[in-house]
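Below is one structure, written out as structure tokens; the observations come after it.
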Amino acid sequence: PQFASIFAANEQRILVDLRDHEVTHRDFFAAALGTARIPDLGVDFSAVNFGNRASVLATARTFEDLGVGAYNGAGRY
């Protein structure tokens with residue numbers, strides 16, 4: 001409910017699309033790496049204020065930057 005209250009419908013569609021794209025990345029790498037994959041990580045979202053647009057967007061940016069850094073760092077392997 002908070003998500004719908006801080007993002008317009010068009011923004012929600014974009015954010016859901018981005019989430020689905022990230023799920024595709026996760027599933028692809030899990031299948032490609034098989035038993036060598038890193039186990040699923042537990043994420044603590046308790047510091048995120050899901051009723052605050054800036055908090056949600058900052059968290060999303062942090063996760064995106066982390067993922068890009070991980071892919072770029074592991075790409076050579």
Side-chain angles (χ1 to χ4, degrees):
Q2 292 174 329
F3 182 73
S5 71
I6 61 172
F7 293 102
N10 63 325
E11 293 172 320
Q12 290 177 43
R13 285 190 298 275
I14 292 167
L15 291 167
V16 168
D17 186 50
L18 290 169
R19 180 212 51 207
D20 293 348
H21 192 249
E22 294 305 317
V23 168
T24 300
H25 284 167
R26 180 198 65 202
D27 294 348
F28 169 80
F29 282 109
L33 294 171
T35 58
R37 73 182 285 246
I38 297 170
D40 290 341
L41 303 174
V43 181
D44 179 1
F45 287 112
S46 64
V48 182
N49 178 353
F50 286 100
N52 179 280
R53 180 184 179 88
S55 178
V56 171
L57 292 175
T59 302
R61 181 181 53 216
T62 298
F63 268 90
E64 179 63 16
D65 292 348
L66 177 67
V68 168
Y71 294 148
N72 286 342
R76 65 178 177 235
Y77 300 111

Report task. Search all heavy atoms of Arg37 against all heavy atoms of Ala30 and return the closest pair with its distance. Result -> NE-CB, 3.3 Å

Query - 4.5 Å side-chain heavy-atom contact, Phe7 and Leu57 - result: yes

**Report entry** Same apolar cluster (I L V M F W Y, side chains within < 4.5 Å links), Phe45/Val23
**Finding:** no

Query raised in the report: From Leu66 CG over to Arg61 CZ, what is the distance, rounded to the nearest 0.5 angstrom?
Result: 13.5 Å

Query raised in the report: Sequence neighbours excluded, which residues qualify as side-chain hydrogen bond (donor to acceptor under 3.5 Å, both in side chains) partners of Arg26?
Result: none

Query raised in the report: Would Val43 end up clustered with Phe50 when hydrophobic side chains under 4.5 Å apart are linked, directly or stepwise?
Result: yes

Query raised in the report: Can you tell if the side chain of Ile14 reaches within under 4.5 Å of the side chain of Glu11, non-hydrogen atoms only?
Result: no

Query raised in the report: Hey, does Leu18 have a side-chain heavy atom less than 4.5 Å from the side chain of Glu22?
Result: no

Query raised in the report: If you take all heavy atoms of Ile6 and Asn52, which pair is closest and at what distance?
Result: CD1-C, 3.7 Å

Query raised in the report: Any idea which heavy atoms bring Ala4 and Gln12 closest together, and the distance?
Result: CA-NE2, 3.4 Å

Query raised in the report: What closest approach, in Å, do Ala47 and Ser55 show between heavy atoms, and which atom pair accounts for it?
Result: O-OG, 4.4 Å

